[in-house]
Amino acid sequence: MLDVLIIGAGAAGMSCGLVLGSAKNRPYVVNKKIAIVTHQKTSHLQTALFNNILGISPGTTGTSILKSGKKQLKDLYPHITQIENEKVCDIVKTSNCFEVSTNKNTYKSKIVVVAVGYTNLITINGLESYIEPHPRAEKEKNKIWLKNTDHLITDNLYVVGTLAGWRSQFAIASGSGAHVATDILTLWNNDKHTKVHDKISG
Ligand SMILES: Cc1cc2nc3c(=O)[nH]c(=O)nc-3n(C[C@H](O)[C@H](O)[C@H](O)COP(=O)(O)OP(=O)(O)OC[C@H]3O[C@@H](n4cnc5c(N)ncnc54)[C@H](O)[C@@H]3O)c2cc1C
């Protein structure tokens, strides 16, 4: 049984994973099992070129961020399992968890974070009842969101990034993933607000 399963490894999913991973030494995080389905084929980062992101060198490609993001997660936070070469097909809520099926396996997780982007080509069964037209995108583009309140769709089911209803900017999607990571950490910390800051020593 996983504690958190993040579905999708674009801007929002990987940012969520990085912040969760960075809390690894907190007592309320020790023994928590976290995994991310690192599907990247349909990420909007695949064709993006970035000049307007703070801290990222102008001219950086989205494809390089997809690669370096997975490496950063693996190098710094190897306790987060990266599930490669799988695509999520179904999410089923059971009495005590979610059962998430991919084209190859089924995983059980107490919390699920959906980070698959806002395309109306979404193919995950079990989310249909939450799909609505995206509130902050051009109507003719037929983008969707999963109806949520402050990223929470229903108990223990979160949505992040563009699919959460945010406009499509890298920093917004990343911030959304980071936001939910701190919500989950706060939950694990008995609702005491938490964040993770590394600082220079000396
Ligand atoms: C051409 C282009 C240029 C852009 N330029 C800029 C720019 O200059 N500045 C800027 O700020 N923003 C830019 N953006 C926007 C930015 O790329 C997006 O806002 C950001 O990628 C959205 O992040 P996300 O995590 O919501 O979605 P995505 O990054 O699209 O990630 C979704 C992830 O979910 C995965 N996935 C999908 N289905 C499944 C499934 N069934 N199972 C498992 N995983 C799945 C995908 O493969 C992908 O990895 C650009 C976008 C495009 C397309």
Side-chain angles (χ1 to χ4, degrees), residues 2 4-20 35-74 80-92 98-107 109 112-128 130-131 134-138 141-146 148 151 153 157-181:
L2 295 163
V4 178
L5 177 63
I6 302 166
I7 303 172
M14 285 199 288
S15 298
C16 185
L18 284 167
V19 175
L20 281 178
I36 177 168
V37 179
T38 54
H39 184 283
Q40 295 188 319
K41 269 188 207 146
T42 58
S43 172
H44 279 200
L45 297 179
Q46 291 286 1
T47 48
L49 174 69
F50 294 108
N51 295 307
N52 58 4
I53 313 294
L54 183 68
I56 290 187
S57 301
T60 299
T61 61
T63 48
S64 69
I65 294 175
L66 285 171
K67 204 169 159 198
S68 64
K70 272 170 65 171
K71 184 175 180 327
Q72 185 178 355
L73 200 52
K74 189 175 170 204
I80 296 195
T81 305
Q82 296 196 25
I83 301 169
E84 307 264 6
N85 304 317
E86 294 186 35
K87 181 180 179 176
V88 171
C89 308
D90 290 284
I91 302 178
V92 177
F98 293 90
E99 281 183 6
V100 176
S101 301
T102 70
N103 51 329
K104 295 182 182 164
N105 290 300
T106 297
Y107 304 91
S109 185
V112 169
V113 179
V114 185
V116 299
Y118 66 168
T119 167
N120 64 350
L121 299 173
I122 188 167
T123 53
I124 302 177
N125 299 314
L127 297 177
E128 300 84 351
Y130 309 117
I131 295 178
H134 197 284
R136 296 189 184 90
E138 294 163 78
K141 298 225 163 136
N142 294 323
K143 301 293 188 192
I144 57 162
W145 77 321
L146 298 183
N148 68 87
H151 295 105
I153 300 172
L157 181 63
Y158 294 87
V159 58
V160 292
T162 47
L163 189 60
W166 301 116
R167 293 191 187 93
S168 178
Q169 293 288 159
F170 182 88
I172 298 176
S174 299
S176 164
H179 181 99
V180 163

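Any value given below was found using the heavy atoms of this structure, including those in side chains, with hydrogens, waters and symmetry copies removed. Count residues from 1 along the sequence. Both counts, for ligands and for their atoms, begin at 1 and track the order of listing.
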Scanning both residues in full, the closest heavy-atom pair of Ile65 with Phe50 reads CD1-CD1, 3.7 Å

Here the atoms of ligand 1 under 4.0 Å from any heavy atom belonging to Ala12 are 25 (O)

Q.
Taking distance alone, with N or O pairs closer than 3.5 Å, would you say Ile53 contacts ligand 1?
A. no

Answer yes or no: is there a side-chain heavy-atom contact under 4.5 Å between Glu99 and Ile91? no

| query | Does the side chain of Leu18 come within less than 4.5 Å of Gln72's, by heavy atoms? | reply | yes

Has ligand 1 got any nitrogen or oxygen that is less than 3.5 angstrom from a nitrogen or oxygen of Thr123?
no

Among non-hydrogen protein atoms, atom 31 (O) of ligand 1 lies closest to Gly10 CA, 3.4 Å

Within the 4.0 Å heavy-atom cut-off, what Leu49 brings close to ligand 1 is backbone

Residue, atom and distance of the protein heavy atom nearest atom 49 (O) of ligand 1 read His39 O, 2.8 Å

The answer for which part of Lys41 has a heavy atom under 4.0 Å from ligand 1 is backbone

For atom 9 (N) of ligand 1, the closest protein heavy atom turns out to be Asn52 OD1, 3.0 Å

Closest heavy-atom approach to atom 48 (C) of ligand 1 among Ser43, Gly8, Cys16 is made by Ser43

When every non-hydrogen atom of Asn85 is compared with those of Lys104, the smallest separation belongs to O-NZ, 3.0 Å

Logged contact type for Ala173 with ligand 1, heavy-atom cut-off 4.0 Å, is side chain

Report task. Assess Leu163 for proximity to ligand 1: is some non-hydrogen atom of it under 4.0 Å away? Result -> no

*asked:* Does the residue Ala9 have a heavy-atom contact with ligand 1, meaning some pair of atoms that are separated by less than 4.0 Å?
replied: yes

Out of Leu45, Thr42, Val114, the nearest non-hydrogen contact to atom 21 (O) of ligand 1 is supplied by Leu45

- Answer with yes or no after comparing the ring centroid distance for Tyr118 and His134 against a 6.0 Å cut-off, counting only values under it. yes

Thr60 (side chain) donor-acceptor with Ser57 (main chain) under 3.5 angstrom
yes

| Would you call Lys143-Glu138 a salt bridge at under 4.0 Å N-O? | no

So for Ala115 against ligand 1, with non-hydrogen atoms under 4.0 Å, the contacting part is backbone

- prompt: Backbone or side chain, does any N or O of Lys87 fall under 3.5 Å from an N or O of ligand 1?
  reply: no

task: Side-chain contact test, heavy atoms from C-beta onward, threshold under 4.5 Å: evaluate it for Ile7 versus Val113 and give yes or no.
output: no

Ser68 side chain to Ser64 backbone, donor-acceptor under 3.5 Å | yes

inquiry  = For Asn105, is there any backbone N or O sitting under 3.5 Å from a side-chain donor or acceptor partner on Thr102?
reply    = yes

Gly117 heavy atoms within 4.0 Å reach ligand 1 at atoms 27 (O), 32 (C)

